[in-house]
Enquirer: 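Structure below; questions to follow.
Each chain gets a letter, A, B and so on, in the order its sequence line appears, and its residues count up from 1.
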Amino acid sequence: AQTVTQSQPEMSVQEAETVTLSCTYDTSESDYYLFWYKQPPSRQMILVIRQEAYKQQNATENRFSVNFQKAAKSFSLKISDSQLGDAAMYFCAYISDGFGNEKLTFGTGTRLTIIP
Amino acid sequence: GAGVSQSPSNKVTEKGKDVELRCDPISGHTALYWYRQSLGQGLEFLIYFQGNSAPDKSGLPSDRFSAERTGGSVSTLTIQRTQQEDSAVYLCASSLAYQSTDTQYFGPGTRLTVL
């Protein structure tokens with residue numbers, strides 16, 4: 001079974017600085033997708049960024065980028081120019097490719113605090 | 001367009017009572033998923049629907065949990081004879097189709113508290 005591990009329960013960063021959230025996963029499959037979701041106090045899970053395992057290029061979305069290391073099974077999220085609105089729980093998630101692989105497997109999350 | 005909606009937003013119930021949680025997916029999304037988020041935990045997959053059918057119910061924690069989806073749209077998660085360990089946030093998500101390449105979009109969840 002696949003597992004996702006987030007070893008940092010809490011992180012903090014000064015506003016406008018850069019922070020990196022760590023995620024590792026365990027799988028025997030070669031085709032899969034990885035995600036970072038943000039959950040603010042409103043509880044709504046918001047997709048931040050997505051990475052296809054077959055792509056070597058790291059995904060980027062504005063201030064958010066990932067460092068995807070397939071061999072090491074590592075998928076970290078870098079937030080540049082941190083803003084107060086970035087404060088939230090961040091969850092790393094995994095899903096296998098193909099039909100019949102419908103469920104996301106989540107890590108336990110990292111609570112990010114932005115210091116003004 | 002409108003996102004995934006869930007109701008109620010919060011539900012407080014007494015141990016032993018039945019509760020129904022509702023999810024209204026994004027219009028046109030054929031796949032619907034239920035997850036449970038217990039305090040301090042990640043999300044635990046419960047069940048998914050492709051159209052009105054639920055091919056895999058193995059994620060449901062016990063036979064007190066059931067879910068249905070009618071008309072390929074709204075879904076209801078029912079918990080019978082609630083227990084305190086059922087207290088959690090129940091999140092619903094939908095995706096365009098039933099395949100891993102389609103991103104799952106989440107609703108705001110229902111926070112269930114069992115006294």
Enquirer: Tell me every residue that passes salt bridge (Lys or Arg N to Asp or Glu O under 4.0 Å) with B/Glu20, counting only those two or more places apart in sequence or in another chain.
Expert: none
Enquirer: Hey, are A/Ser96 and A/Glu29 close enough side-chain-wise for a donor-acceptor pair under 3.5 Å?
Expert: yes
Enquirer: At a 4.5 Å cut-off on heavy atoms, which part of B/Gln37 comes close to chain A: side chain, backbone, both, or neither?
Expert: side chain
Enquirer: What I want to check is whether the side chains of B/Tyr48 and B/Gln104 have a donor and an acceptor closer together than 3.5 Å.
Expert: no
Enquirer: Going by ring pair (Phe, Tyr, Trp, His ring centres under 6.0 Å), name the pairs with one or both residues in residues 8-32 of chain A, residues two or more places apart or in two chains.
Expert: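 Every pair satisfying ring pair (Phe, Tyr, Trp, His ring centres under 6.0 Å) with a residue in residues 8-32 of chain A: A/Tyr25-A/Tyr32, A/Tyr32-A/Tyr94.
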Enquirer: Taking transitive links into account, so neighbours of neighbours count too, which hydrophobic residues share a cluster with B/Leu115 at under 4.5 Å side-chain distance?
Expert: B/Val12
Enquirer: A/Gln8 side chain to A/Ser22 main-chain N or O, any donor-acceptor pair under 3.5 Å?
Expert: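 Side chain of A/Gln8 to backbone of A/Ser22, a donor-acceptor pair under 3.5 Å: yes, one is there.
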Enquirer: Where on A/Gln6 is there a heavy atom nearer than 4.5 Å to chain B: the side chain, the backbone, both, or neither?
Expert: neither
Enquirer: With a 4.5 angstrom heavy-atom cut-off, could you sort out which part of B/Leu91 is near chain A: side chain, backbone, both or neither?
Expert: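 Side chain only.
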Enquirer: Does either side chain, that of B/Ser95 or that of B/Tyr33, offer a donor lying less than 3.5 Å from an acceptor on the other one?
Expert: yes
Enquirer: In residues 66-87 of chain B, which residues are in contact with chain A at a heavy-atom separation under 4.5 Å?
Expert: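 Residues in range: none.
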